[in-house]
Amino acid sequence: MRLADSFRSERFGAVRIHELQRVIELDSGAVANSGLPGLSGASRVITPDALRAIETQLVIVVPCMNESRSVIEGVLSGIPHDCLIVLVSNSDRGPVDRYEIEAQTVEQFCRLAGRSALTVHQRDPGVAAAFKAAGMDELIDDDGLVRAGKGEAMLVGMALAAMTGRQYVGYVDADNYVPGAVHEYCKAYAAGLHLAESPYSMVRISWHSKPKLREGRLFFSRRGRSSEVTNEWLNRFLAEYSHFGTEVIATGNAGEHAMSLALGLKLRLAGGFAVEPFEYVDLFEQFGGVLESAHPDVMASSVPVLQIETRNPHFHDNKGEEHVQGMRMQALNVLYHSAVTLPAVRQAILDFMVAQGVLEVGQQPPRERIYPPVGTLALDLLYDALDAEAQSFRQLDGRAAAGLPAAPPIDRHTIPV
Ligand code: GDD
């Protein structure tokens, strides 16, 4: 893969946000000098070997709620072979058990492709028991189950990823109609994680276009309806500190993103669709140098955030305007309530929300749920309880299925504690 070089970055404490880098070539051949500036200048080649080295350490979590089987199959086919797949579902269990269909889809795919995977249902009572045992009561709702929400699914996925002992976790949505796009996102994660010169790195995708039907013709829209608003406010947050306008953040809502687990396990994740914008906010809170950091090791290093503009169109299920408006407001809620957001920005957010008709004058934006870092969980206890109590929890071992010695994705003896 060849990426355009990123010449500029903005710093906020230890967080270094790189300007958007375009994918120049999806496949740049097997030239040497991976990661070094290209001979032609202005670009970097990441060789297949370098990509593969990251992919063998990469877990791809697929949050899934009531998506169709054929779309899920396409998504699975796009995830590079060496990545480990983790499907976290919140699909209906009745009248038709959609999770069972999804788990079978993953199982069949793994059998055909000689792959390994983990699948679990977020609302399985055994999963709630496991997170309680591991020390995260905050995740449990009044029914005694893990809360519904995409952020919650991502948290469950990150905990499973951490148990595998791999070094990186990435996310791809289950409703993506283009397997080639999924493939490109995963390659871009590997490329970015390879280029990032820090153990605490994050890669976020900005897709090039989203196809839409307008008056019977295809139109390739450049910006997401939610991202436009989220990016603008995150950039205003930065500008209020630096006194310089900026457009550096292009991935505030990026559902497609990856990070090193060394970073991910320290992040607090937010619930629902606040999860992606809050990743930025939490980076600013924990590593921005405004508040005291609990991680001097990270502060002494740096937290690069690489943003990569991919080539494939992002073609996914359209869930309607109300859904998008909800997402936009969740982003503003977390920014409004952050301890590092300066008063002028906070006031401007209030005015904007009132003008949008989502708040009355004098009202405060609601607070989103913020969970403790996954790194605070007792992973050994989590595994034991999952294994004993979560009936939906499946470990698919591609090696055993191929008649080779068993190598389940999680080895109880090597779970990091
Ligand atoms: N397990 C689980 N639990 N999965 C969920 C849940 C949940 O409660 N809610 C949604 N999902 C899954 C969906 O099935 C889909 O695969 C993915 O999470 C994204 O959810 P969508 O409802 O399709 O969101 P979207 O496509 O409108 O928004 C996506 O893009 C935004 C950026 O444009 C999401 O990835 C957002 O998080 C992102 O900000």
Side-chain angles (χ1 to χ4, degrees), residues 60-69 71-76 78-79 85-93 98-99 102-103 105-106 118-124 127 139 141 145-160 170-178 181-182 185 204-210 212 221-231 234 249-258 269-280 307 310 313-334 368-369 392:
I60 295 294
V61 174
V62 184
C64 179
M65 192 164 84
N66 298 327
E67 308 297 350
S68 73
R69 184 191 169 126
V71 180
I72 297 170
E73 263 175 7
V75 168
L76 298 176
I79 300 174
I85 296 166
V86 173
L87 181 100
V88 183
S89 174
N90 187 14
S91 300
D92 298 342
R93 307 286 323 246
R98 297 186 70 151
Y99 172 67
E102 292 160 2
T105 305
V106 176
L118 299 169
T119 71
V120 77
H121 196 278
Q122 192 172 341
R123 304 278 289 166
D124 176 341
V127 175
L139 199 58
D141 69 9
L145 301 176
V146 168
R147 294 178 198 284
K150 189 191 173 212
E152 287 77 358
M154 286 171 51
L155 191 158
V156 171
M158 187 185 286
L160 294 181
Y171 297 95
V172 294
D173 289 349
D175 65 343
N176 196 320
Y177 293 127
V178 185
V182 172
Y185 299 151
R204 301 173 75 90
I205 303 296
S206 169
W207 35 260
H208 178 262
S209 65
K210 196 184 249 187
K212 291 186 177 149
S221 163
R222 288 279 287 151
R223 298 271 169 266
R225 290 166 295 171
S226 169
S227 302
E228 256 179 2
V229 173
T230 305
N231 292 338
L234 285 169
I249 295 184
T251 56
N253 275 112
E256 272 68 29
H257 62 286
L269 298 186
F273 291 107
V275 60
E276 285 99 3
F278 186 71
E279 285 167 349
Y280 269 117
Q307 305 182 94
T310 46
H314 188 78
F315 193 15
H316 71 149
D317 199 19
N318 186 349
K319 299 197 167 104
E321 180 53 39
E322 205 179 311
H323 172 73
V324 173
Q325 175 74 340
M327 244 187 240
R328 279 196 286 252
M329 294 310 140
Q330 290 181 53
L332 294 182
N333 294 342
V334 289
E368 301 296 331
R369 277 181 208 287
S392 70

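Model, not experiment: these values are computed from the prediction. In each ligand, atom 1 is the first atom listed, and ligand 1 is the first ligand listed. All residue numbers refer to positions in the sequence shown, counting from 1.
The residue from Met154, Gln122, Lys150 that puts a heavy atom closest to atom 2 (C) of ligand 1 is Gln122. With Asn90, Asp175, Asn253 as candidates, the residue nearest to atom 31 (C) of ligand 1 on a non-hydrogen basis is Asn253. The closest heavy-atom contact to atom 1 (N) of ligand 1, among the options Thr251, Leu87, Val88, comes from Val88.
Contact atoms of ligand 1 toward Phe273: 20 (O), 22 (O), 24 (O), 36 (C), 37 (O) (distance under 4.0 Å to a heavy atom of the residue). Every atom of ligand 1 is numbered from 1 in the order shown, and the set under 4.0 Å from a heavy atom of Ala153 is 1 (N), 2 (C), 3 (N). Listed by number with element, the atoms of ligand 1 under 4.0 angstrom from any heavy atom of Ala174 are 16 (O). Ligand 1 places these atoms under 4.0 Å from at least one heavy atom of Asp173: 16 (O), 17 (C), 19 (C), 29 (C), 34 (C), 35 (O). Close approach of ligand 1 to Ser89 is summarised as follows: ligand atoms under 4.0 Å from at least one heavy atom of the residue are 1 (N). Using a 4.0 Å cut-off to heavy atoms of Glu67, the atoms of ligand 1 that qualify are 13 (C), 14 (O), 15 (C), 16 (O).
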Applying side chain to side chain donor-acceptor pair (under 3.5 Å) to Glu102 and Ser89, what does each step give before you reach the verdict?
CA-CA 8 Å; Glu102 292 160 2; Ser89 174; 2.7 Å; yes
Step by step, would you call His257 with Tyr171 a side chain to side chain contact (heavy atoms under 4.5 Å, CB included)?
CA-CA 6 Å; His257 62 286; Tyr171 297 95; 3.7 Å; yes
Begin from the C-alpha positions of Thr105 and Glu73 and carry the test side chain to side chain donor-acceptor pair (under 3.5 Å) through to its verdict.
CA-CA 7 Å; Thr105 305; Glu73 263 175 7; 5.2 Å; no
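In this structure, Asp92 does not pair ionically with Arg123, as no charged nitrogen and carboxylate oxygen lie closer than 4.0 Å. Taking the charged nitrogens against the carboxylate oxygens, Glu276 and Arg204 have no contact shorter than 4.0 Å, which rules out a salt bridge.
Within the 4.0 Å heavy-atom criterion, neither part of Glu256 lies near ligand 1. Under 4.0 angstrom from ligand 1, the non-hydrogen atoms of Pro63 come from both its backbone and its side chain. Only the side chain of Glu276 comes within 4.0 Å of ligand 1, counting heavy atoms alone; its backbone N, CA, C and O stay farther away. Under 4.0 angstrom from ligand 1, there are no non-hydrogen atoms of Glu152.
Considering backbone and side-chain atoms alike, Cys64 places an N or O below 3.5 Å from some N or O of ligand 1.
His314 and Trp207 have parallel rings, their planes meeting at less than 30° on a 0 to 90° scale where 60° marks the start of perpendicular.
Taking both residues in full, the closest heavy atoms of Gly252 and Leu234 are given as CA-CD1, 3.6 Å, listed atom of the first, atom of the second, then distance.
Counted by atom type alone, Tyr280 and Thr251 present one or more donor-acceptor pairs between their side chains at under 3.5 Å.
The environment of CZ in Arg93 is crowded: more than 12 heavy-atom neighbours from other residues, nucleotides or ligands sit within 6.0 Å.
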